[in-house]
Amino acid sequence: MSSRRQYPFDLIEPKWQQRWEAQQLFRAWNPGDAIPAAHPFAQRHGLSGPTPADKLPPKYYILDMFPYPSGAGLHVGHPEGYTATDILARYRRTRGYNVLHPMGWDAFGLPAEQYAIKTGQHPRATTEANIANFKRQIQSLGFSYDWSREVDTTDPGYFRWTQWIFVQLYGAWFNPRTNKAEPISTLVYPEGLTSAHERRSYCDSKRMAYVSEAPVNWCPELGTVLANEEVIDGKSEVGGFPVVRRPMRQWMLRITAYAERLLNDLDGLDWTHSLKEMQRNWIGRSDGAEVRFALVSTKGSEPAPVITVFTTRPDTLFGATYMVLSPEHRLVDSITTPQQREAVDAYKNFAATKSDLERTELAREKSGVFTGAFAINPVDQKRIPVWIADYVLATYGTGAIMAVPGHDTRDLEFATKFNLPIVQVVRPPDPKADWRGFVEAGTATNSRNAEISLDDLPTADAREKIIAWLESKALGRRTINYKLRDWLFSRQRYWGEPFPIVWRSGQHEALPDSDLPLQPPDLTDFKPTSAGDPPLARAQEWTALSDGALRETNTMPQWAGSCWYYLRYLDARNPAAFCGREAEKYWMGAGGAPLNVSGAPAKPGVDLYVGGTEHAVLHLLYSRFWHKVLFDLGHVSTSEPFFKLVNQGLILGELEFTLFSAESGRHVTANHVKNISEEASADGVRLVGVHQASGEKCIGRRVDEEEIEKTGDGFVLKSSKAIRVDARSFKMSKSRGNVISPDVILAQYGADAFRLYEMFMGPLEMVKPWSTKGVDGVYRFLGRVWRLFIDDQSETEFEQAATTASAGDAALLDRIRLKPDVQEASASRAQLKTLHACIKNVTEDLDGLRFNTAISELMVFVNEAMTWPVKPAAILREFLILLQPFAPHIAEELWSKLTASTGQPAPALAYAPWPVLDPALLVEDFMEMPVQVNGKLRDVIRVAATATSQEIEAAALASEKVKADLAGKTIRKMIVVPKKIVNIAAG
RNA sequence: GCCGGUGUGGCGAAAUGGCAGACGCACGGGACUUAAAAUCCCGGGACCAUAAAAAGUCGUGCGGGUUCGAGUCCCGCCACCGGCACCA
């Protein structure tokens, strides 16, 4: 760890942050805004006063996922994404765009409420304090956010519009014919629906926001219900508490109506493959068929009921040897025979009382009972038994399946356990393979009746043929199912948006717009009531209206506010609309005048959205859904909000070495320890595992790097080289004690070094371990930049003055002078080449989001420039423009010194035009070409850049080393790739 | 189990099918210094060889393949990370 300070970042950084703030340097301008003529943006673009959209330069909207302001403050993962976006925002400003780069707070949420329950402190107070701390930390990093657009989801001026959007959802239905949401007034009622009551029920059942009485995920510890997406392995995503199924009256949002569009529109998005796959998996489209199975009638002449199943493998219908209904299926009671009644009731009871957690734990062992009923397989008229089992889910498909144990893993398990028949209807392509449990595509077999034969057809063709047959006989139809469920939108919490809904005589209605925002009541006790009602029910004067109506006491989930915040930024202080039309069109459409400098024109939507993978399904799916509804209803002009999205990789803690010991105390080599996992212990968290051979439990202990050395492909103890240690980095967590606070790094290295290190670690989207030592490298680089410009004599004087003067006096910086090597001298060809190589590489790397290599190119330039006896000022100025996006504070300080020395007025660095590459300067007179023989390097020859292939060949063959290698061989082939390589194939 | 991603020096990493290891960390040597820190310069994949070098051989998780040439493309494995998980 370097102890001597490289340069006075502690004075420079606050100085420039204050100036940027005072000048409103990073204000983004909306169409119609009066831009002050003195503002650097106005000067750069020759604007002043009110400016219409078509006179503004093209927009560039670069968005961070706004944080939840937790009590713990920022961790190093947040600024990773923020730094990347800030670099690009600054870069785009220098490229001439009108850049929108905002920040805000996703501030509703459970922790503040739980803290309130514990301490009695109002969540508002906690939230404000946390926001203040987050804002201080974020601002200390010198990000170029337009703070005039800051949003806070808990601000009534914000959630007024969250509530307004809910009212839009409430007032809309999904028209399957137009495949879009429409005002509820366009709803078409079925014929014969005449009574007002029936019409009302029908209408309510079609709304995009509707009330459901379905079983929900109830978390007793949290005292609230959770969305499916918030339940992981039967436990709450927040806190890891058990979740049970329980029927409750809840608000739901009809996201399933958009399943197809949410799926299809992924194709047009510039997102990573894996992120799209996650969304596709979550939506979970399955193509298949519904098939109708008639039951064998037990009651004489009464028409037998029909059970409809969903299957993705209708081609295996001949192999269906039994059926299974979910225990909750509506026909279970009516089909159960008296002999089986007791067993069925017992099983239903058993299934109903199981929590999701128990269900997951028991998932491996199949269970179920026979109902006593039989159905007829429509293809061969065979009687097959009907069972119930909890491996069939009530909420997917039709809640019933045809079981094909020959070709479905779960059905096979079940059939084996209960001795049900297993028949083959698919031949695997490999004749030696076992057909039992073969679930992939093969060839149909044993699949014929008097009317149809699938035999010898490939699976795909068999499927088509049987579907057509089923449809022709009205025994089934082609259909599609989705895993996606409607979005459970109610929470029994205090710290969230109240629903703009009142209940009158048991019927709900939306509040008029004039009643928004609906503020939550002030409470002192934030727990649910003793009757189990949500905390809002405690405020009786708030819930009970004078006319006898009652307010809805649920609140919206945390995702509500984050579903649309990117739209509020566009027009954050608009009191009359969630977002003005002009602003929306400019920023989300392809707004602005064409760019007259080089650079791409504006694209629709958010140009770049950066954030963590933890939001891959929840936030991003919900946001897309709301956006599409707003689009359908004519409130926004694009069908998707985020056209390009990048996930930053997690930053892990420092590398740790773990030595394992068996319970007997002897050390165990790490590669013999299996099932390594984390376990809580007295002093935090430790690794434990099981010894491969003996089965003993092995306990990990952290060991110091000093005790370790590298051998072969692993690390071993120095003291005992047969003992391997485990080496890995862990996710930062409080319990592990490996959290790095940005504040500590900032105090020691400054914001510029911190920003640089976060980007230099590796590619943005990769998982990377933190290394504080690594910060030294970029910090030293900034020191070299400083010494490239600064006279050390004057800096010594400054240091002396700084120790005696009152600390933190930025005026002292004026004593620091440029070094005499920096001159208004003309640059040599070699110097220009160094600069332009840097321009080329940095520009290309920024366009490709390769920040790590962009920084290394800046280092290459500085390493070279340090050797120049005279440093031409013009070259250094261009270099500072390249440096500014990455390390803005030091760049501004040096820019001000460099431009002051000319006596000329200089443009503001943040808006100075990005250097233009002159490719002619990179052209070489000579080139070095490697010469290979049979792919092995033998020599490097130097030839004129203009040399022909023949000349290069001749030069290669003239090489002594090549000649020596070719001795005794005959040349079979010669490959000359101009400017690249020569390869001689010889034998 | 299914889907996706990633495997390159002691470490973080770089390389439109064309000289593997740019740039940095850590390390070793040197200069400066009374000394240290800081700074500046030099070194560096492994093996073999040697007083030192040159030359040579091997080398991008493993095994095959395509190609004049493969870290990069194709086929088959393995490991790690992430997501989903009785979704019929």
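Letters A, B, ... are given to chains in the order of the sequence lines, protein chains preceding strands, and every chain is numbered from 1.
- Distances were taken from every side-chain heavy atom of A:Thr312 (C-beta onward) to each of B:A20, B:G83, B:A88; the shortest belongs to B:A88.
- A:Glu857 has no carboxylate O lying under 4.0 Å from a charged side-chain N of A:Lys840, or vice versa, which leaves the two without a salt bridge.
- In this structure B:A51 sits in no base pair that meets the Watson-Crick or G-U test at under 3.5 Å.
- For A:Tyr757 and B:C11, the OH to P distance is 15 Å, given to the nearest whole Å.
- Rounded to the nearest Å, the gap between the P atom of B:G69 and that of B:A14 is 28 Å.
- Residue-level contact check: A:Arg787 touches the backbone only, with heavy atoms under 4.0 Å from sugar-phosphate atoms and none from bases.
- Between the P atom of B:A88 and the CH2 atom of A:Trp387 lies a distance of 23 Å, rounded to the nearest Å.
- Contact annotation for A:Thr311: backbone-only contact, meaning every heavy-atom pair under 4.0 Å involves sugar-phosphate atoms and none involves a base.
- Anti is the glycosidic conformation of B:G10, whose angle departs from 0 by more than 90°.
- Residue A:Arg780 places at least one side-chain N or O under 4.0 Å from the OP1 or OP2 atom of B:C25.
- Shown here, B:U39 forms a base pair with B:A31; the pair counts as Watson-Crick or G-U wobble because both key distances fall under 3.5 Å.
- By the 4.5 Å heavy-atom criterion applied to side chains, A:Val931 and A:Arg938 are not counted as neighbours.
- Within the 4.0 Å cut-off from OP1 or OP2 of B:G24, at least one side-chain nitrogen or oxygen of A:Asn863 is found.
- B:G9 and B:C47 have their P atoms separated by 14 Å, given to the nearest Å.
- With B:A14, B:G12, B:C19 as the candidates, the nucleotide lying closest to the side chain of A:Pro763 is B:A14.
- Rounded to whole angstrom, the span from the CD atom of A:Glu864 across to the P atom of B:C23 amounts to 12 Å.
- Proximity of A:Thr853 to the phosphate of B:C23: no side-chain N or O atom is located under 4.0 Å from OP1 or OP2.
- The separation between A:Leu618 atom CG and B:G83 atom P is 12 Å, rounded to whole Å.
- Closest contact between the side chain of A:Gln6 and the listed nucleotides B:C68, B:G18, B:U39 involves B:U39.
- Atom CZ of A:Phe414 and atom P of B:A88 are 18 Å apart (whole Å).
- Residue A:Arg292 places its CZ atom among 12 or fewer non-hydrogen atoms of other residues, nucleotides or ligands, all under 6.0 Å distant.
- Within the structure, every side-chain polar atom (N or O) of A:Lys980 is placed at least 4.0 Å from both OP1 and OP2 of B:G69.
- When each of B:C23, B:C68, B:G5 is scored by its nearest atom to the side-chain atoms of A:Val860, the top-ranked nucleotide is B:C23.
- For B:C68, its base sits under 3.5 Å from the side chain of A:Asn983 at one donor and acceptor pair at least.
- Toward the 5' end of RNA chain B, the nearer of the two residues A:Asp965 and A:Gly774, judged by each one's closest nucleotide, is A:Gly774.
- Each of A:Lys936 and A:Thr395 was assigned the nucleotide of RNA chain B with the nearest heavy atom; the assignment lying further toward the 5' end belongs to A:Lys936.
- Of the candidates B:G4, B:U6, B:G18, the closest approach to any side-chain atom of A:Ser274 belongs to B:G4.
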Working for side-chain contact (heavy atoms from CB on, under 4.5 Å), residues A:Ile790 and A:Phe798: CA-CA 12 Å; A:Ile790 295 303; A:Phe798 156 81; over 6 Å; no
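- Pairing for B:U67 is absent, judged as Watson-Crick or G-U wobble with the two contacts each under 3.5 Å.
- Between the base of B:C84 and the side chain of A:Lys483 there is no donor-acceptor pair shorter than 3.5 Å.
- For the OP1/OP2 pair of B:G69 and a distance below 4.0 Å, the side-chain nitrogens and oxygens of A:Arg938 include no atom meeting the criterion.
- Judged by distance alone, the side chain of A:Gln279 and the main-chain N or O of A:Leu263 form no donor-acceptor pair under 3.5 Å.
- If you check every strand for non-hydrogen atoms under 4.0 Å, A:Ser856 touches a base.
- Using a 4.0 Å heavy-atom cutoff across all strands shown, A:Glu277 reaches sugar-phosphate atoms only and no base atom.
- Look at CG on A:Asn647: it is 12 Å from P on B:G83, rounded to the nearest Å.
- The listed nucleotides are B:G83, B:G12, B:G18; the one nearest the side chain of A:Asn281 is B:G83.
- When distances run from any side-chain atom of A:Asn852 to the nucleotides B:G18, B:A13, B:C84, the shortest one goes to B:A13.
- The side chain of A:Gln279 places no N or O atom within less than 4.0 Å of a non-bridging phosphate oxygen (OP1 or OP2) of B:G83.
- Among the atoms of the strands shown, none is found under 4.0 Å from any heavy atom of A:Asp411.
- Put simply, NZ on A:Lys768 is 17 Å from C1' on B:C25, counting in whole angstrom units.
- Using Watson-Crick or G-U wobble geometry with both donor-acceptor distances under 3.5 Å, B:C80 finds its partner in B:G5.
- In this entry the distance linking CD of A:Glu656 with C1' of B:G10 reads 18 Å, nearest Å.
- Looking at A:Tyr779, its side chain does come within 3.5 Å of a backbone N or O of A:Gln6 through a donor-acceptor pair.
- In this structure B:A46 sits in a base pair with B:U57, meeting the Watson-Crick or G-U test at under 3.5 Å.
- At the phosphate of B:A88, neither OP1 nor OP2 sits under 4.0 Å from any side-chain N or O atom of A:Tyr391.
- Under the 3.5 Å distance criterion, the side-chain polar atoms of A:Thr316 are left unmatched by any main-chain donor or acceptor of A:Gly319.
- Here the side chain of A:Tyr757 pairs a donor or acceptor atom with the backbone of A:Ser771 at under 3.5 angstrom.
- For A:Lys773, no side-chain nitrogen or oxygen approaches OP1 or OP2 of B:C25 to under 4.0 Å.
- Nucleotides B:G21 and B:G43 are separated by 16 Å at their C1' atoms, to the nearest Å.
- For A:Asn934 and B:G69, the shortest distance from a side-chain N or O to OP1 or OP2 is not below 4.0 Å.
- Residue A:Arg784 is classed as a sugar-phosphate contact, given heavy-atom separations below 4.0 Å to backbone atoms only.
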Show, in sequence, the C-alpha distance, side-chain angles and deciding distance for A:Phe781 and A:Phe760, and conclude whether the ring pair (Phe, Tyr, Trp, His ring centres under 6.0 Å) test is met. CA-CA 12 Å; A:Phe781 162 66; A:Phe760 189 63; 8.5 Å; no
